[in-house]
Amino acid sequence: MGDVRGHGYRRSRWAAATCAGIVGLGALLTACSSGPKPEDTASAYLSDWARQDWSGMQGLVSNPPAGFTAVNKAAFTDLAVQKASFTAGTVTTKGSTASDPVTEKFQLQGLGTVTLTTTLRMVQTNGKWLVRWAPSTITPKLGANDKLALQTTWPARAAILGANGQALTTQASNVTVGLEGSRIKDATSLTKALVTAGATSQQASSAVSAAKAHPTFFEPVFTVSQARYQQLKPTLYPLPGTVFESSAAQQAITSGLSSGIVGTVGAVTAQELKDLGGAYSASSVVGQTGLEASAEKQLAGTPSATVAVVTAAGAHVATLATLAGHAGTAVKTTIDPTVQNAAESALAKAPKGKSAALVAVDATTGDLLAVANTNAGGYDQAILGGFPPGSTFKVLTSTALIGKGLSPSSAASCPTTATVDGEVFHNSDGEGQVSNLLHAFAESCNTAFIGLATSKLRTPDFPAVASTYRLGKTIQMGTPAFAGSVPQPKEIGRAHV
(Lines give C-alpha, C1' and ligand atoms only; values in the text may rest on other atoms or scores of the structure.)
Protein backbone atom coordinates (compact mmCIF):
# COMPACT_ATOMS: atom_id res chain seq x y z
CA MET A 1 0.00 0.00 0.00
CA GLY A 2 1.62 3.25 -1.06
CA ASP A 3 1.19 6.89 -0.21
CA VAL A 4 -2.26 8.27 -0.90
CA ARG A 5 -3.09 10.17 -4.05
CA GLY A 6 0.20 11.92 -4.70
CA HIS A 7 1.02 15.60 -4.67
CA GLY A 8 -0.38 16.84 -7.96
CA TYR A 9 -2.83 18.95 -5.99
CA ARG A 10 -0.09 20.70 -4.01
CA ARG A 11 1.16 22.71 -6.99
CA SER A 12 -2.11 24.65 -7.11
CA ARG A 13 -3.34 23.93 -3.62
CA TRP A 14 -5.60 26.89 -3.23
CA ALA A 15 -6.28 27.68 -6.91
CA ALA A 16 -9.88 27.60 -8.11
CA ALA A 17 -10.80 24.97 -10.68
CA THR A 18 -12.91 25.63 -13.75
CA CYS A 19 -15.23 23.29 -15.52
CA ALA A 20 -17.37 23.38 -18.62
CA GLY A 21 -20.60 21.54 -19.17
CA ILE A 22 -22.71 20.94 -22.24
CA VAL A 23 -26.38 21.22 -21.46
CA GLY A 24 -29.32 20.29 -23.67
CA LEU A 25 -29.63 19.83 -27.42
CA GLY A 26 -28.60 23.39 -28.09
CA ALA A 27 -25.11 22.55 -26.90
CA LEU A 28 -25.28 25.40 -24.47
CA LEU A 29 -21.77 25.88 -23.04
CA THR A 30 -21.74 27.01 -19.44
CA ALA A 31 -18.76 27.82 -17.31
CA CYS A 32 -18.51 27.05 -13.60
CA SER A 33 -15.95 27.30 -10.85
CA SER A 34 -15.51 25.61 -7.49
CA GLY A 35 -13.13 26.10 -4.56
CA PRO A 36 -10.74 23.60 -3.00
CA LYS A 37 -12.24 20.37 -1.66
CA PRO A 38 -11.60 18.70 1.72
CA GLU A 39 -10.61 15.52 -0.14
CA ASP A 40 -7.66 17.38 -1.66
CA THR A 41 -6.43 18.56 1.72
CA ALA A 42 -6.82 15.06 3.17
CA SER A 43 -4.87 13.57 0.26
CA ALA A 44 -1.98 15.99 0.64
CA TYR A 45 -1.86 15.66 4.43
CA LEU A 46 -1.84 11.84 4.40
CA SER A 47 0.82 11.77 1.70
CA ASP A 48 3.05 14.01 3.82
CA TRP A 49 2.34 11.91 6.89
CA ALA A 50 3.44 8.72 5.17
CA ARG A 51 6.72 10.42 4.22
CA GLN A 52 7.15 11.93 7.70
CA ASP A 53 7.20 15.39 6.14
CA TRP A 54 6.30 17.23 9.34
CA SER A 55 6.75 20.66 7.78
CA GLY A 56 4.44 19.80 4.90
CA MET A 57 1.83 18.47 7.31
CA GLN A 58 2.04 21.56 9.49
CA GLY A 59 1.36 23.79 6.48
CA LEU A 60 -2.00 22.05 6.08
CA VAL A 61 -3.06 22.47 9.71
CA SER A 62 -5.26 25.21 11.14
CA ASN A 63 -3.46 26.90 14.05
CA PRO A 64 -0.84 24.15 14.60
CA PRO A 65 0.40 24.01 18.21
CA ALA A 66 4.05 24.60 19.08
CA GLY A 67 4.58 20.88 19.76
CA PHE A 68 3.06 19.67 16.48
CA THR A 69 6.27 18.29 14.96
CA ALA A 70 7.58 16.86 18.24
CA VAL A 71 4.37 14.93 18.96
CA ASN A 72 4.07 13.48 15.46
CA LYS A 73 7.74 12.60 15.28
CA ALA A 74 7.66 10.96 18.73
CA ALA A 75 4.78 8.70 17.67
CA PHE A 76 6.95 7.21 14.91
CA THR A 77 10.05 7.03 17.11
CA ASP A 78 8.32 5.49 20.13
CA LEU A 79 6.79 2.74 18.00
CA ALA A 80 9.98 2.15 15.95
CA VAL A 81 7.99 2.70 12.75
CA GLN A 82 9.91 1.68 9.65
CA LYS A 83 7.17 2.50 7.17
CA ALA A 84 3.68 3.94 7.33
CA SER A 85 0.77 4.12 4.90
CA PHE A 86 -2.64 5.78 5.18
CA THR A 87 -5.84 5.09 3.29
CA ALA A 88 -8.59 7.70 3.23
CA GLY A 89 -12.25 6.76 3.38
CA THR A 90 -15.29 8.76 2.24
CA VAL A 91 -15.29 12.39 3.31
CA THR A 92 -18.39 13.70 5.06
CA THR A 93 -18.95 17.46 4.74
CA LYS A 94 -21.26 19.57 6.91
CA GLY A 95 -21.07 23.23 6.08
CA SER A 96 -17.60 24.47 6.88
CA THR A 97 -16.46 21.24 8.55
CA ALA A 98 -15.55 17.85 7.16
CA SER A 99 -14.28 14.50 8.43
CA ASP A 100 -12.44 11.68 6.72
CA PRO A 101 -12.07 8.18 8.25
CA VAL A 102 -8.51 6.94 7.82
CA THR A 103 -6.97 3.49 8.04
CA GLU A 104 -3.38 3.58 9.34
CA LYS A 105 -0.82 0.86 8.81
CA PHE A 106 2.45 1.05 10.75
CA GLN A 107 5.26 -1.38 10.01
CA LEU A 108 7.17 -1.80 13.28
CA GLN A 109 10.85 -2.68 13.19
CA GLY A 110 11.38 -6.40 13.59
CA LEU A 111 7.80 -7.05 14.70
CA GLY A 112 5.28 -6.72 11.90
CA THR A 113 2.49 -4.35 10.89
CA VAL A 114 -0.31 -2.98 13.07
CA THR A 115 -3.51 -1.46 11.69
CA LEU A 116 -5.22 1.43 13.47
CA THR A 117 -8.04 3.80 12.55
CA THR A 118 -8.46 7.52 13.10
CA THR A 119 -10.46 10.44 11.76
CA LEU A 120 -9.02 13.42 9.96
CA ARG A 121 -11.12 16.44 10.89
CA MET A 122 -11.03 19.54 8.69
CA VAL A 123 -12.38 23.06 8.76
CA GLN A 124 -12.88 25.61 5.99
CA THR A 125 -11.06 28.86 6.74
CA ASN A 126 -10.92 31.79 4.31
CA GLY A 127 -11.87 29.51 1.46
CA LYS A 128 -9.22 26.89 2.35
CA TRP A 129 -9.73 23.44 3.87
CA LEU A 130 -7.31 22.85 6.72
CA VAL A 131 -6.83 19.99 9.16
CA ARG A 132 -8.10 20.65 12.66
CA TRP A 133 -5.27 18.85 14.42
CA ALA A 134 -4.98 17.44 17.94
CA PRO A 135 -2.95 14.51 19.32
CA SER A 136 -6.12 12.46 18.84
CA THR A 137 -5.62 12.90 15.08
CA ILE A 138 -2.83 10.33 15.40
CA THR A 139 -5.12 7.94 17.25
CA PRO A 140 -8.40 8.85 18.98
CA LYS A 141 -7.31 7.76 22.48
CA LEU A 142 -4.12 9.83 22.51
CA GLY A 143 -4.64 12.72 24.92
CA ALA A 144 -2.81 16.05 25.07
CA ASN A 145 -0.17 14.84 27.54
CA ASP A 146 -0.09 11.20 26.50
CA LYS A 147 2.31 9.30 24.27
CA LEU A 148 2.42 6.04 22.37
CA ALA A 149 4.40 3.15 23.79
CA LEU A 150 5.63 -0.13 22.33
CA GLN A 151 5.82 -2.89 24.92
CA THR A 152 7.53 -6.15 23.97
CA THR A 153 7.66 -9.49 25.75
CA TRP A 154 10.23 -12.04 24.65
CA PRO A 155 9.39 -15.74 24.84
CA ALA A 156 11.51 -18.06 26.97
CA ARG A 157 14.80 -18.65 25.21
CA ALA A 158 14.99 -22.01 23.46
CA ALA A 159 17.44 -24.59 24.76
CA ILE A 160 20.61 -25.95 23.24
CA LEU A 161 20.34 -29.72 23.13
CA GLY A 162 22.90 -32.48 23.14
CA ALA A 163 22.84 -36.15 22.18
CA ASN A 164 19.42 -37.79 22.47
CA GLY A 165 17.80 -34.42 23.12
CA GLN A 166 19.48 -33.90 26.50
CA ALA A 167 19.48 -30.24 27.52
CA LEU A 168 22.87 -28.55 27.59
CA THR A 169 21.41 -25.37 29.09
CA THR A 170 19.30 -24.47 32.08
CA GLN A 171 17.83 -21.33 33.65
CA ALA A 172 19.94 -19.67 36.30
CA SER A 173 20.07 -16.43 38.28
CA ASN A 174 23.06 -14.40 37.14
CA VAL A 175 24.65 -11.00 37.51
CA THR A 176 26.23 -9.19 34.58
CA VAL A 177 29.23 -7.10 35.56
CA GLY A 178 29.28 -4.01 33.38
CA LEU A 179 30.59 -0.49 33.01
CA GLU A 180 29.13 2.97 32.54
CA GLY A 181 31.66 5.21 30.83
CA SER A 182 30.54 8.45 32.48
CA ARG A 183 31.45 7.06 35.91
CA ILE A 184 34.92 5.68 35.13
CA LYS A 185 37.74 7.55 36.86
CA ASP A 186 40.78 5.28 36.48
CA ALA A 187 40.51 3.04 33.41
CA THR A 188 43.86 1.32 34.00
CA SER A 189 43.11 0.25 37.57
CA LEU A 190 39.58 -0.73 36.59
CA THR A 191 40.85 -2.95 33.78
CA LYS A 192 43.29 -4.71 36.12
CA ALA A 193 40.54 -5.28 38.70
CA LEU A 194 38.21 -6.78 36.10
CA VAL A 195 40.91 -9.20 34.88
CA THR A 196 41.67 -10.20 38.47
CA ALA A 197 37.95 -10.86 38.98
CA GLY A 198 37.86 -13.27 36.06
CA ALA A 199 37.43 -11.25 32.86
CA THR A 200 39.86 -11.86 30.05
CA SER A 201 42.16 -9.00 29.07
CA GLN A 202 40.25 -8.71 25.80
CA GLN A 203 36.87 -8.53 27.56
CA ALA A 204 38.06 -5.87 30.00
CA SER A 205 39.85 -3.64 27.49
CA SER A 206 37.06 -3.89 24.90
CA ALA A 207 34.41 -3.02 27.49
CA VAL A 208 36.40 -0.01 28.74
CA SER A 209 36.86 1.26 25.18
CA ALA A 210 33.18 0.78 24.34
CA ALA A 211 32.11 2.46 27.59
CA LYS A 212 34.21 5.51 26.72
CA ALA A 213 32.64 5.62 23.26
CA HIS A 214 29.11 5.36 24.69
CA PRO A 215 29.37 6.92 28.16
CA THR A 216 25.68 6.56 29.05
CA PHE A 217 25.29 2.93 27.94
CA PHE A 218 25.51 -0.15 30.11
CA GLU A 219 28.51 -1.97 28.64
CA PRO A 220 28.69 -5.61 29.85
CA VAL A 221 32.04 -7.21 30.64
CA PHE A 222 31.20 -10.73 31.81
CA THR A 223 28.39 -12.62 33.52
CA VAL A 224 28.66 -14.63 36.74
CA SER A 225 26.34 -16.58 39.00
CA GLN A 226 24.75 -14.92 42.01
CA ALA A 227 27.06 -16.88 44.29
CA ARG A 228 30.15 -15.73 42.41
CA TYR A 229 28.89 -12.15 42.41
CA GLN A 230 28.66 -12.19 46.20
CA GLN A 231 32.32 -13.21 46.30
CA LEU A 232 33.34 -10.45 43.89
CA LYS A 233 31.09 -7.72 45.26
CA PRO A 234 33.45 -6.39 47.99
CA THR A 235 36.15 -5.87 45.37
CA LEU A 236 34.21 -4.69 42.33
CA TYR A 237 31.22 -2.83 43.72
CA PRO A 238 33.19 0.14 45.14
CA LEU A 239 35.07 0.77 41.86
CA PRO A 240 33.89 3.92 40.03
CA GLY A 241 32.39 2.92 36.71
CA THR A 242 31.15 -0.56 37.60
CA VAL A 243 27.44 -1.29 37.17
CA PHE A 244 25.61 -4.56 37.81
CA GLU A 245 22.47 -6.11 36.34
CA SER A 246 20.68 -9.14 37.76
CA SER A 247 18.77 -11.46 35.46
CA ALA A 248 17.39 -14.94 35.09
CA ALA A 249 19.28 -16.16 32.06
CA GLN A 250 20.06 -19.33 30.21
CA GLN A 251 23.29 -21.00 31.27
CA ALA A 252 25.23 -24.05 30.11
CA ILE A 253 25.08 -27.10 32.39
CA THR A 254 28.88 -27.24 32.80
CA SER A 255 31.53 -24.56 33.08
CA GLY A 256 33.36 -26.04 30.11
CA LEU A 257 30.33 -25.74 27.85
CA SER A 258 29.72 -22.23 29.14
CA SER A 259 33.23 -21.07 28.24
CA GLY A 260 33.29 -23.15 25.08
CA ILE A 261 30.92 -24.40 22.43
CA VAL A 262 27.58 -23.57 24.12
CA GLY A 263 28.69 -20.13 25.24
CA THR A 264 26.99 -17.51 27.37
CA VAL A 265 24.20 -14.92 27.28
CA GLY A 266 24.31 -11.45 28.75
CA ALA A 267 23.16 -7.85 28.43
CA VAL A 268 23.34 -6.54 24.87
CA THR A 269 26.23 -4.24 24.01
CA ALA A 270 25.89 -1.10 21.92
CA GLN A 271 27.58 -2.82 18.97
CA GLU A 272 25.40 -5.94 19.27
CA LEU A 273 22.29 -3.77 19.39
CA LYS A 274 23.37 -2.11 16.16
CA ASP A 275 24.18 -5.44 14.49
CA LEU A 276 21.05 -7.30 15.60
CA GLY A 277 18.51 -4.55 14.89
CA GLY A 278 14.95 -5.82 14.69
CA ALA A 279 13.00 -5.79 17.93
CA TYR A 280 16.07 -5.75 20.17
CA SER A 281 16.43 -2.91 22.66
CA ALA A 282 18.98 -1.67 25.18
CA SER A 283 17.42 -3.95 27.81
CA SER A 284 17.74 -7.14 25.74
CA VAL A 285 19.69 -10.18 26.90
CA VAL A 286 21.46 -11.88 23.99
CA GLY A 287 24.03 -14.56 23.22
CA GLN A 288 27.57 -13.38 23.81
CA THR A 289 29.74 -16.34 22.81
CA GLY A 290 29.51 -19.82 21.30
CA LEU A 291 26.27 -21.19 19.91
CA GLU A 292 24.30 -18.79 22.10
CA ALA A 293 25.71 -15.95 20.00
CA SER A 294 25.88 -17.55 16.54
CA ALA A 295 22.31 -18.90 16.81
CA GLU A 296 20.92 -15.85 18.67
CA LYS A 297 17.87 -15.23 16.50
CA GLN A 298 16.96 -18.92 16.27
CA LEU A 299 17.12 -19.33 20.05
CA ALA A 300 15.48 -16.01 20.95
CA GLY A 301 12.52 -16.14 18.59
CA THR A 302 10.50 -12.92 18.21
CA PRO A 303 8.70 -11.02 20.98
CA SER A 304 5.00 -10.34 21.25
CA ALA A 305 4.21 -6.64 21.16
CA THR A 306 1.56 -4.28 22.43
CA VAL A 307 0.95 -0.78 21.08
CA ALA A 308 -0.49 1.30 23.89
CA VAL A 309 -1.29 4.84 24.96
CA VAL A 310 0.37 5.82 28.23
CA THR A 311 0.50 8.99 30.30
CA ALA A 312 3.61 11.11 30.59
CA ALA A 313 4.33 9.20 33.82
CA GLY A 314 3.97 5.85 32.05
CA ALA A 315 0.53 4.83 33.36
CA HIS A 316 -1.47 2.70 30.95
CA VAL A 317 -4.37 4.47 29.21
CA ALA A 318 -5.43 2.15 26.41
CA THR A 319 -4.25 -0.78 24.32
CA LEU A 320 -4.44 -0.05 20.60
CA ALA A 321 -3.06 -3.21 18.99
CA THR A 322 -1.18 -6.42 19.71
CA LEU A 323 1.18 -8.58 17.68
CA ALA A 324 1.84 -12.23 18.46
CA GLY A 325 5.44 -13.34 18.97
CA HIS A 326 7.05 -16.63 18.02
CA ALA A 327 9.03 -18.91 20.30
CA GLY A 328 12.60 -19.72 19.37
CA THR A 329 13.62 -23.20 18.29
CA ALA A 330 16.20 -25.39 19.95
CA VAL A 331 19.69 -25.83 18.55
CA LYS A 332 20.58 -29.52 18.34
CA THR A 333 24.12 -30.76 18.84
CA THR A 334 25.78 -34.16 19.28
CA ILE A 335 27.48 -33.28 22.58
CA ASP A 336 27.01 -36.08 25.12
CA PRO A 337 26.72 -34.61 28.65
CA THR A 338 28.25 -37.73 30.20
CA VAL A 339 31.28 -37.62 27.92
CA GLN A 340 31.51 -33.85 28.39
CA ASN A 341 31.64 -34.19 32.17
CA ALA A 342 34.31 -36.87 31.87
CA ALA A 343 36.37 -34.65 29.54
CA GLU A 344 36.18 -31.67 31.89
CA SER A 345 37.10 -33.87 34.86
CA ALA A 346 40.13 -35.21 32.99
CA LEU A 347 41.35 -31.72 32.10
CA ALA A 348 40.82 -30.49 35.65
CA LYS A 349 43.89 -32.56 36.58
CA ALA A 350 46.13 -30.55 34.24
CA PRO A 351 48.93 -28.63 36.01
CA LYS A 352 48.05 -25.08 36.96
CA GLY A 353 49.20 -22.59 34.38
CA LYS A 354 49.30 -25.23 31.65
CA SER A 355 46.57 -24.99 29.05
CA ALA A 356 45.01 -28.10 27.60
CA ALA A 357 42.17 -28.97 25.26
CA LEU A 358 40.23 -32.09 24.38
CA VAL A 359 37.82 -32.97 21.61
CA ALA A 360 36.09 -36.35 21.76
CA VAL A 361 34.76 -37.59 18.41
CA ASP A 362 32.67 -40.62 17.53
CA ALA A 363 34.95 -42.21 14.95
CA THR A 364 32.08 -43.99 13.17
CA THR A 365 29.94 -40.87 12.63
CA GLY A 366 32.25 -37.89 13.10
CA ASP A 367 29.92 -36.54 15.80
CA LEU A 368 31.47 -34.31 18.45
CA LEU A 369 30.83 -35.84 21.84
CA ALA A 370 32.74 -33.41 24.03
CA VAL A 371 34.71 -30.19 23.67
CA ALA A 372 36.69 -29.07 26.70
CA ASN A 373 39.42 -26.60 27.63
CA THR A 374 41.34 -25.71 30.75
CA ASN A 375 43.49 -22.68 31.59
CA ALA A 376 42.76 -21.29 28.12
CA GLY A 377 41.99 -17.74 29.24
CA GLY A 378 38.51 -17.79 27.73
CA TYR A 379 39.79 -18.91 24.32
CA ASP A 380 38.18 -22.07 22.96
CA GLN A 381 41.42 -23.65 21.78
CA ALA A 382 39.73 -27.04 21.42
CA ILE A 383 37.90 -25.95 18.25
CA LEU A 384 39.69 -22.72 17.33
CA GLY A 385 43.31 -23.47 18.13
CA GLY A 386 45.88 -24.47 15.54
CA PHE A 387 48.56 -26.86 16.88
CA PRO A 388 51.22 -29.13 15.33
CA PRO A 389 49.61 -32.53 14.85
CA GLY A 390 52.54 -34.54 16.19
CA SER A 391 52.16 -38.30 15.91
CA THR A 392 48.45 -38.04 15.13
CA PHE A 393 49.52 -37.25 11.56
CA LYS A 394 50.78 -40.84 11.29
CA VAL A 395 47.14 -41.72 10.60
CA LEU A 396 47.29 -39.64 7.41
CA THR A 397 50.80 -40.81 6.49
CA SER A 398 49.63 -44.43 6.85
CA THR A 399 46.64 -43.73 4.61
CA ALA A 400 48.92 -42.23 1.96
CA LEU A 401 51.29 -45.23 2.16
CA ILE A 402 48.45 -47.71 1.79
CA GLY A 403 47.24 -45.69 -1.19
CA LYS A 404 50.64 -46.30 -2.76
CA GLY A 405 50.24 -50.05 -2.47
CA LEU A 406 51.59 -50.80 1.00
CA SER A 407 49.60 -52.88 3.47
CA PRO A 408 49.72 -53.23 7.27
CA SER A 409 52.06 -56.20 6.77
CA SER A 410 54.51 -54.27 4.59
CA ALA A 411 58.03 -54.39 5.95
CA ALA A 412 59.22 -51.57 8.21
CA SER A 413 62.02 -51.00 10.67
CA CYS A 414 62.55 -48.61 13.57
CA PRO A 415 66.19 -47.52 13.74
CA THR A 416 67.42 -45.32 16.53
CA THR A 417 67.77 -42.32 14.23
CA ALA A 418 66.90 -41.20 10.73
CA THR A 419 68.75 -38.48 8.83
CA VAL A 420 67.01 -36.34 6.22
CA ASP A 421 68.76 -33.43 4.51
CA GLY A 422 71.41 -33.49 7.19
CA GLU A 423 68.95 -33.29 10.08
CA VAL A 424 68.87 -36.16 12.56
CA PHE A 425 65.50 -37.40 13.87
CA HIS A 426 65.01 -39.57 16.96
CA ASN A 427 62.27 -41.65 18.47
CA SER A 428 60.61 -40.34 21.61
CA ASP A 429 61.21 -43.51 23.61
CA GLY A 430 64.45 -44.71 22.04
CA GLU A 431 64.88 -47.56 19.62
CA GLY A 432 61.95 -49.90 19.00
CA GLN A 433 61.77 -53.36 17.42
CA VAL A 434 59.15 -53.37 14.67
CA SER A 435 58.74 -55.54 11.59
CA ASN A 436 55.90 -54.05 9.58
CA LEU A 437 53.78 -50.94 9.04
CA LEU A 438 51.09 -52.01 11.50
CA HIS A 439 53.66 -52.56 14.26
CA ALA A 440 55.34 -49.23 13.45
CA PHE A 441 51.99 -47.50 13.75
CA ALA A 442 51.24 -49.19 17.08
CA GLU A 443 54.65 -48.15 18.44
CA SER A 444 54.36 -44.69 16.85
CA CYS A 445 57.91 -45.07 15.56
CA ASN A 446 59.12 -41.78 14.11
CA THR A 447 62.08 -43.17 12.18
CA ALA A 448 59.96 -45.90 10.57
CA PHE A 449 57.51 -43.37 9.15
CA ILE A 450 60.29 -41.01 8.09
CA GLY A 451 61.93 -43.84 6.13
CA LEU A 452 58.70 -45.01 4.50
CA ALA A 453 57.47 -41.49 3.70
CA THR A 454 60.70 -40.32 2.10
CA SER A 455 61.03 -43.44 0.00
CA LYS A 456 57.41 -44.07 -1.01
CA LEU A 457 55.63 -40.70 -1.09
CA ARG A 458 55.91 -37.53 -3.14
CA THR A 459 55.40 -33.95 -2.01
CA PRO A 460 51.78 -33.61 -3.35
CA ASP A 461 50.68 -36.78 -1.54
CA PHE A 462 50.36 -35.05 1.83
CA PRO A 463 47.89 -32.28 0.89
CA ALA A 464 45.97 -34.88 -1.12
CA VAL A 465 45.52 -37.26 1.80
CA ALA A 466 44.72 -34.31 4.08
CA SER A 467 41.89 -33.39 1.74
CA THR A 468 40.58 -36.97 2.04
CA TYR A 469 40.23 -36.37 5.79
CA ARG A 470 38.67 -32.95 5.07
CA LEU A 471 41.48 -31.04 6.72
CA GLY A 472 41.40 -27.41 5.62
CA LYS A 473 37.73 -27.56 4.66
CA THR A 474 35.21 -25.05 5.97
CA ILE A 475 33.37 -26.59 8.90
CA GLN A 476 29.66 -25.86 9.13
CA MET A 477 29.06 -26.54 12.82
CA GLY A 478 27.16 -23.40 13.77
CA THR A 479 30.08 -21.74 15.51
CA PRO A 480 33.55 -20.69 14.33
CA ALA A 481 36.02 -23.57 14.15
CA PHE A 482 39.48 -24.23 12.71
CA ALA A 483 39.53 -27.20 10.36
CA GLY A 484 43.28 -27.60 10.08
CA SER A 485 45.76 -26.65 7.42
CA VAL A 486 48.24 -28.77 5.46
CA PRO A 487 50.55 -26.61 3.35
CA GLN A 488 52.44 -27.95 0.38
CA PRO A 489 55.56 -29.50 2.02
CA LYS A 490 59.06 -28.77 0.79
CA GLU A 491 60.83 -31.39 2.87
CA ILE A 492 58.81 -34.55 3.23
CA GLY A 493 60.64 -36.20 6.08
CA ARG A 494 61.01 -33.03 8.08
CA ALA A 495 57.46 -31.73 7.63
CA HIS A 496 54.98 -34.58 7.92
CA VAL A 497 55.65 -37.96 9.50
Side-chain angles (χ1 to χ4, degrees), residues 152-160 169-184 187 189-260 262-276 279-297 299-300 303 328 377-380:
T152 57
T153 302
W154 287 86
R157 192 175 182 86
I160 296 176
T169 53
T170 185
Q171 291 294 314
S173 179
N174 296 320
V175 175
T176 298
V177 178
L179 303 176
E180 186 174 318
S182 61
R183 301 182 183 183
I184 296 175
S189 296
L190 182 58
T191 300
K192 290 180 180 179
L194 291 170
V195 172
T196 301
T200 65
S201 297
Q202 180 64 37
Q203 285 176 322
S205 60
S206 296
V208 170
S209 297
K212 289 180 178 179
H214 304 278
T216 61
F217 278 66
F218 174 83
E219 192 63 40
V221 184
F222 63 110
T223 301
V224 295
S225 66
Q226 278 283 354
R228 178 58 177 156
Y229 168 67
Q230 293 303 323
Q231 295 174 341
L232 296 175
K233 184 176 179 180
T235 302
L236 293 182
Y237 192 84
L239 296 177
T242 55
V243 187
F244 308 88
E245 284 190 358
S246 298
S247 63
Q250 189 161 284
Q251 180 176 298
I253 58 174
T254 71
S255 59
L257 289 174
S258 180
S259 62
V262 169
T264 59
V265 298
V268 69
T269 66
Q271 185 59 50
E272 288 167 344
L273 185 59
K274 179 181 178 180
D275 294 340
L276 289 169
Y280 290 89
S281 68
S283 62
S284 294
V285 173
V286 302
Q288 298 295 325
T289 58
L291 290 171
E292 292 285 13
S294 61
E296 164 59 30
K297 292 191 175 182
L299 293 166
Y379 178 69
D380 193 352

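For reference, positions follow the sequence shown, starting with 1.
The backbone N or O of Gln226 sits nowhere less than 3.5 Å from a side-chain atom of Ser173 that would complete a donor-acceptor pair. In this structure, the side chain of Thr152 does not engage the main chain of Pro303 through any donor-acceptor pair within 3.5 Å. For Glu296 (side chain) and Gly287 (main-chain N/O), a donor-acceptor pair under 3.5 Å exists by modelled atom type. Within the 3.5 Å criterion, the main-chain N or O of Ala172 finds no donor-acceptor partner in the side chain of Gln251.
Of the residues listed (Phe244, Phe222, Tyr237), the one engaging Tyr229 in a ring-ring contact (aromatic ring centres under 6.0 Å, His included) is Phe244, and it is the only one.
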Begin with the C-alpha distance, continue with both residues' side-chain angles, and end with the deciding distance and a verdict on side-chain contact (heavy atoms from CB on, under 4.5 Å) for Val285 and Arg157. CA-CA 10 Å; Val285 173; Arg157 192 175 182 86; over 6 Å; no

Could you walk me through whether Lys233 and Thr235 pass the side-chain contact (heavy atoms from CB on, under 4.5 Å) test, one step at a time? CA-CA 5 Å; Lys233 184 176 179 180; Thr235 302; over 6 Å; no

Set out, in order, the CA-CA distance, both residues' side-chain angles and the distance that settles side-chain contact (heavy atoms from CB on, under 4.5 Å) for Glu292 and Thr169, then state yes or no. CA-CA 10 Å; Glu292 292 285 13; Thr169 53; 3.7 Å; yes

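Rounding to the nearest 0.5 Å gives a distance of 9.5 Å between CG of Leu291 and CG of Leu257. With values rounded to the nearest 0.5 angstrom, Leu236 atom CG is found 6.5 Å from Thr242 atom OG1. Rounding to the nearest 0.5 angstrom, the gap separating the NE2 atom in His214 from the OG1 atom in Thr216 is 9.0 Å. Residue Leu179 holds its CG atom at 5.5 Å from CG of Leu190, rounded to the nearest 0.5 Å. Expressed to the nearest 0.5 Å, how far OG of Ser182 lies from NZ of Lys212 amounts to 13.0 Å.
Between Val208 and Ala187 the shortest heavy-atom distance is CG1-CB, 3.9 Å. The heavy-atom pair separating Pro215 from Glu180 by the smallest distance is O-CG, 3.4 Å. Considering all non-hydrogen atoms of both residues, Ser201 and Val195 come closest at CA-CG2, 3.9 Å. Ala252 and Val262 make their closest contact through CB-CG1, 3.8 Å (heavy atoms, listed as atom of the first residue, atom of the second, distance). Minimum heavy-atom separation, Pro220 to Ala267: CG-O, 3.0 Å. Heavy-atom minimum distance, Glu219 versus Ala210: CD-CB, 3.4 Å.
In this structure, Gln203 and Leu194 have side chains that are not in contact, with every pair of non-hydrogen atoms separated by 4.5 Å or more. Annotation: side chain of Tyr280 is not in contact with side chain of Val268 (no heavy-atom distance under 4.5 Å). Using a 4.5 Å cut-off on side-chain heavy atoms (C-beta onward), Gln250 and Gln171 make contact. Taking the side chain as every heavy atom from C-beta outward, Val243 and Arg183 approach each other to under 4.5 Å. Residues Leu276 and Lys297 form a side-chain contact, since some pair of their non-hydrogen atoms from C-beta on lies under 4.5 Å apart.
Judged by distance alone, the side chains of Thr264 and Ser258 never bring a donor and an acceptor atom under 3.5 Å apart.
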